[in-house]
Amino acid sequence: MNEYSFADMFQHRHWSEELHETPWWQALMADPRFHAAYERNHHMRLKLSKTSYLKKLMRSESERQSFIAGVLQPEPEHLSNWELD
């Protein structure tokens, strides 16, 4: 059986859409430097696959600041290596 139920998938989609509609997220994605760093950082993209993390981002300014720092100053093991992909 799948790990996620339909209700979980719908809830994740709802929170993901909410996040992507915020001016905060849109401003981040409009910044070419941030967007490029985000694309290389598979760890932070993976965190966004969790509904609980999306809720934290929507509700907490400190979590948003941690997200930005995690994207811009990642641990080396959290970066995608396009040569190996």
Quiz item: Can Arg13 and Glu17 be counted as an ion pair, charged N to O under 4.0 angstrom?
Solution: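 Yes.
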Exercise. Could you tell me if the ring centre of Trp25 sits under 6.0 Å from that of Phe34?
Key: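 Ring centroids of Trp25 and Phe34 are no less than 6.0 Å from each other.
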Exercise. Verify side-chain contact (heavy atoms from CB on, under 4.5 Å) between Glu18 and Lys55, making sure each step is shown before the conclusion.
Key: CA-CA 10 Å; Glu18 287 282 323; Lys55 289 178 184 179; over 6 Å; no
Quiz item: CG of Leu54 to CD of Glu63: how many Å apart, nearest 0.5 Å?
Solution: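 Here the interatomic distance stands at 11.0 Å.
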Self-check item: Approximate separation, where rounding is to 0.5 Å, of Gln11 CD and Ser52 OG
Solution: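 Gln11 atom CD to Ser52 atom OG measures 10.0 Å (nearest 0.5 Å).
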Quiz item: Out of curiosity, does Leu46 fall in the hydrophobic cluster containing Leu28 (side-chain heavy atoms, cut-off under 4.5 Å, transitive links)?
Solution: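 In one cluster with Leu28: Leu46, no.
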Quiz item: Would you say Tyr38 and Leu72 are hydrophobically clustered, going by side-chain heavy atoms of ILVMFWY under 4.5 Å?
Solution: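 Yes, because Tyr38 and Leu72 connect within a single hydrophobic cluster, where side-chain heavy atoms sit under 4.5 Å apart.
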Practice problem: Measure across Asn41 and Gly70 and return the closest heavy-atom pair with its distance rounded to 0.1 Å. | Solution: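 In this case the closest contact between Asn41 and Gly70 is ND2-O, 2.8 Å.
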Quiz prompt | Least distance between heavy atoms, Arg64 atom then Leu57 atom | solution =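 So the minimum-distance heavy-atom pair works out to NH1-O, 2.7 Å.
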Quiz prompt | Contact check, side chains of His35 and Glu39, non-hydrogen atoms, under 4.5 Å | solution =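 Yes. Closest side-chain heavy atoms under 4.5 Å.
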Quiz prompt | Sub-4.5 Å side-chain heavy-atom contact between Met58 and Thr22 | solution =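 The answer is yes; the side chains approach within 4.5 Å.
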Exercise. Just do the side-chain contact (heavy atoms from CB on, under 4.5 Å) check on Trp24 and Phe67 with the steps written out, would you?
Key: CA-CA 12 Å; Trp24 172 79; Phe67 174 79; 3.8 Å; yes
Exercise. Would you check, one step at a time, whether the test side-chain contact (heavy atoms from CB on, under 4.5 Å) holds for Leu19 with Leu48?
Key: CA-CA 10 Å; Leu19 176 67; Leu48 290 175; 4.1 Å; yes
Quiz item: Counting heavy atoms not belonging to Glu61, are there more than 12 under 6.0 Å from its CD?
Solution: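 Yes, CD of Glu61 has more than 12 neighbouring heavy atoms, counting only those of other groups under 6.0 Å.
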Exercise. Let me see the working for Met44 and Tyr53 under side-chain contact (heavy atoms from CB on, under 4.5 Å), right down to the final yes or no.
Key: CA-CA 10 Å; Met44 296 309 284; Tyr53 188 71; 3.8 Å; yes
Quiz prompt | Side-chain donor/acceptor of Ser16 to backbone N/O of His12, under 3.5 Å | solution =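 No, the answer is negative, given that no donor and acceptor are paired below the 3.5 Å cut-off.
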